[in-house]
Every structure is written in C-alpha cells, then in structure tokens.
Amino acid sequence: MTFIDLLIGVGLVFIVVAILVSQDLFRAVVLFVTFGVLLTLAWVRLQAPDLALAEAAIGAGLTGVLLLDAIGFLRKRKAARKDRDNKAIRAKPEQGAANE
Amino acid sequence: MNTQLRLTLASVAGVALFALLTLAIWYHPTSTVDLPQLVANSLAETGTEHPITAVLLNFRSYDTLLEVAVLLVAVVITLALAQQDSNEALSSLEQPARDSLVIALTRRLVPLVVLVGVYVLWAGSYQPGGAFQAGALIAAAGVLLRLAGWPIHQRANLLLRVGLTLGLVVFIMIASIALVSGQPFLTYPERWAGELIFAIETVLTLSIALTLLSLFLFSPEALSSQSRKPSKEKAQ
Amino acid sequence: MTTELFTTELFATELFTTELWFALIGALIIGISTIGFFGATHILKRIMAFNLMGSGVFLIMVGLAQHDRGVDPVPQALVLTGIVVAVSATALALIIFRRYIASGGQSKLPEHRS
Amino acid sequence: MTTLTLIPALLLIPLVFAILSLLVTRPWRNAFALLGIALQAVAALSLSWVIFTEGASSTALGNWAVPLGILLVADGLTVTLLTLTAFIAVICALYAFFYLRAYPREERYFWPLFWFLLAALNGIWLADDLFNLYVGLELLGLAAVGMVALQATQQSLAAALRYLLAALFGSLMYLLGVALLYGSYGTLAMGQLSDLMVGDLTTQIALLLMTLGLLIKTACFPFHYWLPPAHGGALAPVSALLSALVVKSSFYILARIWLDLGTLAVPIGLPEVLGLLGTCAILYGAWRAYTASEIKMLVAWSTVAQLGYLLLLFPLALNTTEAAAHLAWQGTLMHLLAHGFAKGAMFLAVGTLVLAARSTQLSDLAGISRKLPMALFAYGLAAVSLMGLPPSGGFSAKWLLIQSALHSGQWVWIIVISVGSLLSAAYLFRVFSVSFVEGKQRELQPTHPMLDVTALTLALIAIALGFFGMIPLSLMELGTPLPESPLPTGGQP
C-alpha cells in the first residue's frame, strides 16, 4: 500500500460522508460523480483497467446523468406546482395527498 | 417510526456491518482453489486473448446472458411506464433553444465519442474494453445529443424494439448452436469461438447502447403546463 | 521526489497490500452508506446510498480476491456484471420514482412523511 | 430428448417468448403466450419424467468444468419446483387472458415481464453457482417490481419503490456474502463449496449477511413491511405469481445455503433465532390479516404469516437427528408446494371477487356468495389447505413438521404450528362471515367463467396434494436431496 492509495481511500470515504450529509441534492450528485472518478483511480490501482473504464462510463457518467436529469425533473415539477398555486391562490391547496 | 429511532437503528446497523466486515476481511482464510491459474491455462481455447472477455463471454457467458435480460427488463418497464401518457409526454417535449455553439460542439464531440466506443468494442478481444463499456459510450453520445436539444426522442416503435432485443436474440441463437450438435448449451463451435464472441459483442454493443439511451430518453417527463426553462444546469 | 512520496510502500510488511486496504475502505463505505440508506428519507438520496454501497461491495469483491492470488479476472468480470446490473436497477428506480412524483406522490415514501 | 437440451430449454423458452411478446402485436401476443406456456409445461414435465426414470442430471454450460464454468443441476428437488412453477404459470396465464381484458393498458407489458419472471425462476431452481444466483435474483426482482408497478397508480408505484429498495438492499447483502466467500475459497460453485467449507469466522459472517439479504427478499418478519402493499395492490395474476413463487425462490436459496453449504458453520443459536422470527411472522401476520379491512390485504398478510412456517425448517433440521431433519425437509417442501397452489388459487379467486364487486373493501362483499359461488368455493378449498385441515397439502405439511418436532423433542414448535393453524382459520373465515350475510347487494360486474375454473383448478391441486403428496416427496428423494457431487453425472444416482 502506498501513499496514493491512502489518499484515494480517504477521499472515497470523505466523499461518501459528504454526499450523505449534504442537504442540497444537486451538490450531492456532483459529489457522486466525483466519487465515481476517484473510484476509477482506485480500480486502476487495483490493476483492473476494465473496471476503471466501466466505472467512468457507466458508474459515474451514466448514473450521474440519470441522477442529474431526475433532479432537473424535480425542479421543473416544483416550479410548475408553485406556478399553479400562484394562479389559484384561493383554491384549496392541492398536494395530491397520498393515502396509505 | 420517528426520525430519531430510525437514525439510531440505521447507525447501529451501519456500525455493526462495518465491524463484521472488517473482522471477516481481516481473518479471511486463504483459498486452495486457484481460479486465475485455471483461467490462464484455458485462455488459449476461448477464442479471445483478454481474460476478462473470456470470463464474460465464454467461461461465464450464462451470467452475461441473464445480465442482458436484466437490462431488457429495465427497458421494458421504462416503456410500460412511459408509454401510458406518451402523447402528453411528447407534446411537452418542446425543444429547448439550441445555440450555435452547442450545435457545433456536439457535431464534433458526438462522432468522436462514437468512434471511441467502436474502438473500445474492437479492442476488447485483446485488451481492456468490450461490449458494455462500448455500449455505454455510444449511449453517452446519444445522451449528449439529447441534452444539447437535438430532437432524437422517438416513440417505442417496432424498429426500436428490434434494436433493443437484437443483442439477446443473437446471443441466444449462437448459444443454441451447440444444442443441435449435441454439445452443452453455450458451447461455441471450435475454431469459430473468437469470431462468434466478436459477433455477439457487436450486436450487444448496439442493443446496450439503445437500452441505456432508452432508459434516459423515456423517463417520465415533468408533465402539465409549466414554465420550461432550458435545462442549462444539466449540461455541465 | 514527489513521485517517490506517492509510490513508496507505507508499511514494511507485505501483508498490508493495496488490495487489502481497498477492501477495508469498501467495508467502511458500506457501513456509512447503510446509515444513509436507512437514515435518509428522500428517495433520490436512498438510491445514491444504494449505489455507493454497491461500489463498496465491488471493492471488497476484487480487493479480497486479489489480496491472496494476485490479479484475478473472475471477480473483475463479476464486478463488471454487477456494475451493469446496478445501473439498470438505478435507472429503473429513478423511472418509477419520476412516475410516482408525476402521479402526485412526494419525494419521500408515505411512511417517511412526518 | 435428453437433459442436455431439456435443461436449457426451460431457460430458452421463457426468454424467447419474452422477446416475441415484445415484438408482436396484440392478437399474436395471446397466441404466442398460449404456445409458450404449453411448451414450457411440456418441457418441465418431460424433464421431471427423465429425472424420475434416470436420476439426477446436470449440464456444464459452455462445456467448461466446474470452478471455471457454470453448472446447471436438475435433481428431484429442482424438477419438483420446476413443475410447481410450470403448473402455476399455466394457470396464471390462462387466468390473465380473461382477467386482463379489463386492463388493456397493462396487458401489453404484462406478458414480457411474465416471461422474464419465469426465466428467472427456472434459472434459480436450476442454478448451482452463487453469483449466477445473484444475477437470477436481480432478474426476478426487477421483473417482479415491474409487474407491481404496471398499473402506475400512485399507490402501486409507492409499493413498487418500497419493494425495489428492499430487494436491492437484500441483493447487495447477498452479493457481499458471495464476495467474502469467493475471497476465502476462490470458487463460486455450490457443489465445490459444500466440500470445502469450514466453520471459521469469515464463513459465518458471509453466510449471515447472505441470510439477512435473503430474509429481506423472502419478506420474513421483521422485514415483511414491503410485501403486503406490493402483493395486495398488484393485479390478481401478478399477486398470485408473487406470493406463490417469487418469495419462495429466495427461501430456497436460504435453505440451500445452510443445509447444503454451511452445515459446519451454523452459529450457536441461529436456528432458534430463525424459528423465533418464523413464530413472530405467524402471529403478527395472522393478527394483521385479522384486522385488515381490504380483502386483498387480508390475503397478503396471510402470506406473511404462512412464510413463517418455512423458517421453522432451521430449528427442526439443523443440529437435530437425521430422521427429524428428513421429516422437517419433507414438511417444508410440502408446505412450499401446498402454499404455492393454495395462495395462488386464493389470490385468483379474490381477484375475481374484486373484479366483480369493483371494490377491495371486505364489507362490500356482503351477500356475494349467491352471485359468485364458484369463486368463493375456490377460496374455501384454498382456505382448507392454508388452515391445514385434512385432507389437504397444508395438512400433510403441518403433520410432517409436527412429526419432525416430536422426533427431535422440540415441543415448542408444535404449539406454534397448532396456534398458527387456529389463527389462520380465524382470519380466513372472515371472508365467509361477510359473504354469506344477506345485506344490501352491490351491483356486480359479470366475470368470465374461466376465471373461476382456473382458480378452482389450483385449489383442487392444493387439496389433492393431501392424497398424492408422496409423489413430489419421493421425487424429491431422487439423486441426493441436494446435490453433492460437483461433477456432471448422467446415470443412476
């Protein structure tokens, strides 16, 4: 084990903690992609270039894009809801109450 | 369950899991079976020089077959959940304004990404690379196009379905050749192993790229009338 | 000099390898993300925690196997399969989540809404 | 036809028809589905016959010997489960033809998912490789989640998300165990592992993690929370498939892990803890079924309770006498079969009632016995088996389990089994007490008679198991109950 392994390992753990305590979803997803990039380095250190390639393309890239897209979806949704509420101020608050 | 209790239980579970895993890793016994050696010994008969491709598409090709089925299930469910209000979804897919810089950028970038994808596929038979990474890269090119506002969304028409299933179809057909000649399922005919593996990988790349792209394209949209801002924050 | 700082072995013993180190990091990642998976209520957060946990499992799978036997293509191939399965599951979860929101649901499951 | 083609055929047929059902249009879809289930049933029965006459068999995929390649094993136990799957799949498919007419939108994607589910189940029954089981479990889980989400209502989507998150965590715990085992033993083949495995710390932790994951996937108490909304909210044929087959597959892996691989690594107290969880499931599930206000939730909670009996296998079979273990294993298999048929029948019958009454509330079924006597009769027969009244498969199962408990002198499980039967009678009778009341009658929608015929068929099989139960039990004995030799064998065991 070398110093660079130490850095990568500590970095990975640090990012995981940062993702999970982050209140801002967008920030969490950016950190998630960073985690993927760092994990790519870890795979290189573990002599697994295939996994490094797959992690960069699929783990960080594609999953990151899907997550970002989902956040964009949530934001649009929230904006639309606010829009609708503003239009009908005196209408009853419609929240799509889930009954379970 | 209140928040306090849930967090406490979650912490206990996490710490216990970490402790158990550390013990298990620290005290793990040394194995007697040397699988890497066995892989190296049989590599010459697999039709590929890259050991990981040999494991994925020859020794353990059955796992890969099921894995392709997993991908297909995900995309089937995506179509099932997207299609139900495809009319609404399609009408809401008003294209964000494309500026000339983005157009120019994607024009240059996308063919490059696709080219790298094809290289990764081809390289997979003797060095790191293969169908899954190549498929992901080509799908990424599609995602780039979509994010830049190119109108590549389409309906789940027959052509798309054929493309999605083609990988599994060809895989199953090649896997079944052996049954005709009385060999176990998934045995490749001698001498043709390399070519057949490459054929499987090529169609798999196409299907995987389409599948991953579909998972992105057919995600349910934020419906209803709303202010549709060009999603700039997504493009970074 | 700086490159030497990065590449010299930190421990004199050969028992503590890079592989073992990353396996232990994997264990730590799994522990932390388990807390996140059950502690968080936002579904996107839980999906991310699942992905991080998966990465931890993959690190253990490759690290532990290669600790004794050197480079082993079999766990690497298994992890490659695992990564593809994980991205399928993540995409599926996100799609059901989005459809759930579109049908009037919220970003937390009903039992987590206080 | 030899096992060389029959074993892969059971995987190929569902996969091929999954693809076909995606590609063809509506009238063809039903025709292909009919052809497919017929082929699949024929293949399962032929394989059973071959195994019955020639003994256990296996096929090394890709012609690679074991630690390198993947082995598929067909022994007596496997073919029994394959036949169970084929039977229930045929009936559920026939039911779905008529039931899904009311759900044209869901019908389109039901069939591909149905076929993938079947491929995954067959794959799991035949598997002999730990990682292969993981991929099979994921295929099964995703297909099942998709079927739950099909209706795309807010409730069904919430149920699907809850199910998916639970299933994914469960698979990761399983995979973690596999990673530790591979790191320690360097092989994934179960046949080989059962020879190598010792009882050291790492092995115990690995097996415990896998157990945790599989308990979550089997919805065992206290990890049952995801099951009732998922099974209770899905379309009737989906509920039947999920309750009858899907949760059993993860239990099957759990049983194999301890009884086949980890016999030397059983931690002290683990069998008793699992038995205790089973007891809690039986009591808590019965209580929730008794207080449920929706009829489908009643049946779903009954599944939680009935799954508890399966866990009694561990205290009865681990660290006891050989005779007790043998009886426990027989009783558990019988319970698995009887519950599969009875619960399948019950979900189908209840689905018909709900379809006719257009309401899931139990109170809205008042006086329905006059209008739908056949559906209610099927429900009644299924209930007989679930309660464990003679003659039925359920009775035989509980009888065998009690015999086993007597053999090993574990009286407490006899009490649990008896109390569980009484409790199940209490909640199952609630449907009768409502349906025979002459109250205000609801407008009933007409239902197709085939819906009753199919439900009744499954219920009759559950009862018939009480008479012909020796057939699956003797079939199970063929080969070894669980495969021991990692090498492909063809001839007599």
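None of the values given here were measured: they were computed from a predicted structure.
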Open item on the list: Out of B:Asp34, B:Asn58, B:Val39, B:Leu17, return the one with the most heavy atom pairs under 4.5 angstrom to chain D.
Closed with: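 So the answer, after comparing B:Asp34, B:Asn58, B:Val39, B:Leu17, is B:Asn58.
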- [ ] Flag the one option from B:Thr165, B:Leu35, B:Leu23 with the top tally of heavy-atom pairs under 4.5 Å to chain D.
- [x]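 The candidate making the most pairs under 4.5 Å is B:Leu35.
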If you measure from [atom1] on [X] to [atom2] on [Y], what distance do you get to the nearest 0.5 Å?
{"X": "D:Phe131", "Y": "B:Leu66", "atom1": "CZ", "atom2": "CG", "answer": "10.5 Å"}
{"X": "B:Leu81", "Y": "D:Leu157", "atom1": "CG", "atom2": "CG", "answer": "6.5 Å"}
{"X": "B:Leu72", "Y": "D:Leu142", "atom1": "CG", "atom2": "CG", "answer": "11.5 Å"}
{"X": "D:Leu68", "Y": "B:Leu38", "atom1": "CG", "atom2": "CG", "answer": "6.0 Å"}
{"X": "B:Asp63", "Y": "D:Ile70", "atom1": "CG", "atom2": "CD1", "answer": "3.5 Å"}

Open item on the list: At under 4.5 Å between heavy atoms, what parts of residues 199-209 of chain D are in contact with chain B? List them by residue number.
Closed with: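 Expected list: D:Asp200, D:Leu201, D:Thr202, D:Ile205, D:Leu209.
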What part of [X] lies closer than 4.5 angstrom to a heavy atom of chain B: side chain, backbone, both or neither?
{"X": "D:Met173", "value": "side chain"}
{"X": "D:Leu212", "value": "neither"}
{"X": "D:Tyr182", "value": "side chain"}
{"X": "D:Leu188", "value": "side chain"}
{"X": "D:Ile7", "value": "neither"}
{"X": "D:Pro67", "value": "both"}

Can you tell which part of [X] gets under 4.5 Å to a heavy atom of chain D, answering side chain, backbone, both or neither?
{"X": "B:Thr30", "value": "backbone"}
{"X": "B:Ala69", "value": "both"}
{"X": "B:Leu71", "value": "neither"}
{"X": "B:Ser42", "value": "both"}

Open item on the list: Which residue is it: B:Phe59, B:Phe185, B:Tyr188? I am looking for the one with a ring-ring contact (aromatic ring centres under 6.0 Å, His included) to D:Trp64.
Closed with: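 Option passing the ring-ring contact (aromatic ring centres under 6.0 Å, His included) with D:Trp64: B:Phe59.
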Task: Residues of residues 45-57 of chain B near chain D, each having a heavy atom less than 4.5 Å away - done: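 Answer by number: B:Glu45, B:Thr46.
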If you take all heavy atoms of [X] and [Y], which pair is closest and at what distance?
{"X": "B:Ile77", "Y": "D:Gly146", "answer": "CD1-CA, 3.3 Å"}
{"X": "D:Pro8", "Y": "B:Leu179", "answer": "CG-CD2, 3.9 Å"}
{"X": "D:Leu180", "Y": "B:Ala24", "answer": "CD1-CB, 3.8 Å"}
{"X": "D:Ser184", "Y": "B:His28", "answer": "OG-CB, 3.9 Å"}
{"X": "B:Tyr62", "Y": "D:Asn132", "answer": "CE2-OD1, 3.0 Å"}
{"X": "B:Arg60", "Y": "D:Asp129", "answer": "NH2-OD1, 2.7 Å"}

Task: With B:Pro184, the side chain to side chain contact (heavy atoms under 4.5 Å, CB included) member among D:Leu71, D:Asn63, D:Leu61 - done: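 Result: among D:Leu71, D:Asn63, D:Leu61, D:Asn63 is the only option passing the side chain to side chain contact (heavy atoms under 4.5 Å, CB included) with B:Pro184.
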Open item on the list: Any side-chain to backbone donor/acceptor pair from D:Arg108 onto B:Ala80? Under 3.5 Å, distance only.
Closed with: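 A pair under 3.5 Å: no.
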Open item on the list: Side chains of D:Leu196 and B:Val33, heavy atoms from C-beta outward: is any pair under 4.5 Å?
Closed with: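 Yes, side chains in contact.
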